[in-house]
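Down below is the structure, laid out as structure tokens.
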Amino acid sequence: MKEKLKKHFSSQAKRLKTEGNIFGYVFWWVARLMMIFAVFYTKSRVAPALYLAICLNTLATFAVTLLAALFPQKIFLGRLSFNTQCYIDLFVLLGSFFCYCVNMYAVINDYDKLQHFLAGFLGCFLGMELLKTMFPKLEIDRRVAFVGGSGFSFALIVIWECFEFLADFFIPGSNNQGYTYGANPDMIFFKIFGLGAQNEGQTAVYDTMFDMLFALFGIIVAAIGFCVVYKIRKSKEKKINS
């Protein structure tokens, strides 16, 4: 048993070492230290449910390392890639540290929508990474992988909005969808679509729908970027082969 555990830890450490690079490791630890700071900084500043979320987000910055230690590589969770942790850290910093330690909501008027845009964008590439991890022996065309990644990204944002909806009903102090606030007329989409969201009972609908719309815009931008890069790479390959 002891030998098996030693072999397991050794193989996982070797895998993380070969996959990673110095910039990624530095980013891992910067993200971890920032979130550890957030745990102490927000302790008496936020509601208990929100503080629990910050603590869980801090734990998420260790996710790949912990899962690699707990599961063998033949199990999906045991072979999550180095890049997966980088994506997790980006989500955690955007949604937790910059919200509650830096208070980006006060700095950028539409920060919540910017988060969803970036979540939609980054989620496509996280989905591609997870697809590659799930089927390590399968050669998946990058175009097919991106379609799967974009589907994963939109599913992620829909699941998140469902979570926000349920949290507001079942977790004391939760106000994810802004039931007690009026919609902000200075927001760009307010100016485009008018003041309908200020009607009684519409604020939460406005918040949910535009969160998903911004995520969709992020996916579209990711798709455009992916297509451009894919075309450039293909044209370079043709030149080399011709």
Side-chain angles (χ1 to χ4, degrees), residues 1-40 42 51-101 115-116 118-140 142 144-146 148-160 163 215 218-219 222 226:
M1 184 65 179
K2 189 177 179 181
E3 277 300 314
K4 280 186 178 180
L5 284 173
K6 188 177 178 182
K7 188 178 178 181
H8 167 68
F9 288 130
S10 175
S11 66
Q12 292 287 31
K14 191 182 291 183
R15 183 179 68 83
L16 291 174
K17 188 177 178 181
T18 53
E19 277 185 16
N21 57 67
I22 186 64
F23 300 107
Y25 281 121
V26 169
F27 178 63
W28 277 18
W29 281 103
V30 168
R32 288 167 179 172
L33 291 172
M34 288 169 76
M35 287 307 301
I36 290 168
F37 168 79
V39 168
F40 290 100
T42 60
Y51 183 69
L52 176 61
I54 291 167
C55 292
L56 291 174
N57 280 329
T58 304
L59 185 63
T61 62
F62 294 87
V64 169
T65 306
L66 288 172
L67 292 170
L70 292 171
F71 296 97
Q73 289 185 45
K74 64 182 179 180
I75 296 174
F76 168 67
L77 292 174
R79 59 173 186 271
L80 288 174
S81 69
F82 178 89
N83 287 333
T84 302
Q85 184 64 67
C86 293
Y87 286 119
I88 291 170
D89 289 348
L90 283 168
F91 282 118
V92 166
L93 292 177
L94 286 168
S96 194
F97 182 84
F98 288 110
C99 285
Y100 306 111
C101 291
Q115 281 186 86
H116 286 84
L118 292 172
F121 181 89
L122 294 170
C124 294
F125 302 103
L126 173 59
M128 291 177 72
E129 198 67 37
L130 293 174
L131 194 62
K132 188 170 67 177
T133 305
M134 287 176 73
F135 306 103
K137 295 179 181 178
L138 190 63
E139 191 68 36
I140 303 173
R142 286 187 66 78
V144 175
F146 184 82
S150 59
F152 168 83
S153 182
F154 197 76
L156 195 65
I157 195 68
V158 170
I159 291 167
W160 176 255
F163 166 76
I219 293 169
F226 174 82

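Along the sequence shown, the residues carry numbers beginning at 1.
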**OP:** Begin from the C-alpha positions of Q115 and F98 and carry the test side-chain contact (heavy atoms from CB on, under 4.5 Å) through to its verdict.
**Re:** CA-CA 10 Å; Q115 281 186 86; F98 288 110; over 6 Å; no

Rounded to the nearest 0.5 Å, how far apart are [atom1] of [X] and [atom2] of [Y]?
| X | Y | atom1 | atom2 | value |
| --- | --- | --- | --- | --- |
| Y87 | S81 | OH | OG | 8.5 Å |
| I219 | F226 | CD1 | CZ | 14.5 Å |
| L118 | L90 | CG | CG | 9.0 Å |
| F62 | D89 | CZ | CG | 9.5 Å |
| L33 | W28 | CG | CH2 | 14.0 Å |
| T65 | L70 | OG1 | CG | 11.0 Å |

Original post:
Are F82 and Y25 near enough that their ring centres are under 6.0 Å apart?
Top reply: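 Yes - the distance between ring centres of F82 and Y25 falls below the 6.0 Å cut-off.
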
Do [X] side-chain atoms and [Y] backbone N/O form a donor-acceptor pair below 3.5 Å?
| X | Y | answer |
| --- | --- | --- |
| T61 | N57 | no |
| S153 | G120 | yes |
| R79 | M134 | yes |
| Q85 | A60 | yes |

Original post:
If every non-hydrogen atom of M35 is compared with every non-hydrogen atom of S96, which pair is closest and at what distance?
Top reply: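 The answer is CE-OG, 3.4 Å.
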
Subject >> Smallest separation among heavy atoms of C124 and F146, with atom names >> reply: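 For C124 and F146, the tightest heavy-atom pair comes out as CB-CE1, 3.8 Å.
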
Heavy atoms, side chains only, cut-off 4.5 Å: are [X] and [Y] in contact?
| X | Y | value |
| --- | --- | --- |
| C101 | M34 | no |
| L130 | L80 | yes |
| F152 | L131 | no |

**OP:** Applying side-chain contact (heavy atoms from CB on, under 4.5 Å) between T42 and each of Y100, F37, F97, report the one that passes.
**Re:**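 By the side-chain contact (heavy atoms from CB on, under 4.5 Å) criterion, T42 pairs with just one of Y100, F37, F97: Y100.
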
